[in-house]
Amino acid sequence: MALSSVQITGTGQLLELSRQLRAVSGAPVQRNMARRIRRAAEPLHRDMQDTVRNLPLTSDARKAGSRGGPSPTSRPFRAALAEAVRISVRTSSSPGARVFVDKGRLPRDISAGVLYQLNSGRLRHPVFNNRRRWTNQRTTPMWWERTVREHTPRMTAEVSRVLDDVARQLS
């Protein structure tokens, strides 16, 4: 399971239903299905954002003689990461819900690789962009997968329920 994308799909059933929707019902039923699938994924989306916002980051101890100081940016790091977590619903090709990190919504100075590092439990970065001095910060490893695992059974059941309802409407 990739860190940057979580997909809940019932591939065969969802694809067939999507084809039937395009052929028979049109926009109203498709919008209803998309809205309900989005609702099924929203708790994961919110929980993922809350998890990122509350992720504990601890620094290594300072070395003797090192200086500290205020952050050069006023933007909270975890809040910026949480804002980049997005949700996308598709009812056409490869239909389903996707919770992912939108790299375009990350600030320019934060790369998408930061999330992979955070998920591994260790973030290594230069101190105030000084490439000669690096530091490590540690956090709870595997937080992305754990959050997804907690929500997967509920989302799968909800999407299955939506598919059954839409199939009933089409027949």
Side-chain angles (χ1 to χ4, degrees), residues 1-57 73 75-121 123 125 139-171:
M1 189 177 322
L3 168 68
S4 61
S5 175
V6 178
Q7 296 182 0
I8 301 295
T9 58
T11 53
Q13 186 183 11
L14 203 50
L15 280 170
E16 182 58 33
L17 201 55
S18 178
R19 280 189 206 106
Q20 288 178 0
L21 274 172
R22 276 189 304 235
V24 177
S25 64
V29 177
Q30 260 186 325
R31 277 196 304 267
N32 182 34
M33 180 174 132
R35 187 180 73 248
R36 290 182 64 194
I37 290 175
R38 175 179 292 278
R39 268 197 219 137
E42 281 174 351
L44 171 62
H45 178 238
R46 281 191 305 270
D47 197 20
M48 195 64 77
Q49 287 181 323
D50 289 343
T51 302
V52 172
R53 279 189 189 99
N54 299 317
L55 208 57
L57 279 173
T73 64
R75 177 196 70 245
F77 174 68
R78 287 171 281 208
L81 292 177
E83 290 303 313
V85 176
R86 307 279 298 182
I87 187 171
S88 169
V89 175
R90 291 172 57 168
T91 56
S92 56
S93 64
S94 70
R98 205 174 135 222
V99 176
F100 65 102
V101 176
D102 186 355
K103 296 172 187 164
R105 292 186 59 118
L106 286 172
R108 286 181 309 143
D109 59 332
I110 298 176
S111 71
V114 165
L115 287 162
Y116 291 101
Q117 286 186 52
L118 283 174
N119 195 48
S120 73
L123 175 62
H125 62 91
T139 188
T140 310
M142 306 306 278
W143 55 270
W144 183 275
E145 283 85 1
R146 190 174 313 122
T147 307
V148 170
R149 213 175 313 117
E150 290 171 4
H151 287 272
T152 300
R154 182 199 50 75
M155 286 177 60
T156 304
E158 183 63 30
V159 168
S160 178
R161 194 169 26 254
V162 169
L163 293 176
D164 290 343
D165 291 348
V166 171
R168 214 173 301 115
Q169 284 180 346
L170 292 176
S171 55

Any donor-acceptor pair under 3.5 Å from [X] side chain to [Y] backbone:
X	Y	result
H45	V85	yes
N54	D50	yes
T147	W143	yes

Rounded to the nearest 0.5 Å, what's the gap from [atom1] on [X] to [atom2] on [Y]? Could you check?
X	Y	atom1	atom2	result
H151	M48	NE2	CE	7.5 Å
N119	W144	CG	CH2	8.5 Å
F77	L55	CZ	CG	9.0 Å
Q49	L44	CD	CG	10.0 Å
R78	L57	CZ	CG	4.5 Å
I87	R46	CD1	CZ	9.0 Å

Q. Is there side-chain contact between V52 and L118, with heavy atoms separated by less than 4.5 Å?
A. no
Q: Just jot down the salt bridge (Lys or Arg N to Asp or Glu O under 4.0 Å) partners of E150, sequence neighbours excluded, or say none.
A: none
Distance-minimising heavy-atom pair for [X] and [Y]:
X	Y	answer
R105	E83	NE-O, 3.3 Å
A82	R53	CB-CG, 3.6 Å
M155	A40	CG-O, 3.4 Å
P56	T139	O-OG1, 2.7 Å
A80	I110	CB-CD1, 4.4 Å
P141	R146	O-NH2, 2.9 Å

Q) Any Lys/Arg nitrogen of R161 or E158 sitting under 4.0 Å from an Asp/Glu carboxylate oxygen of the other? A) yes
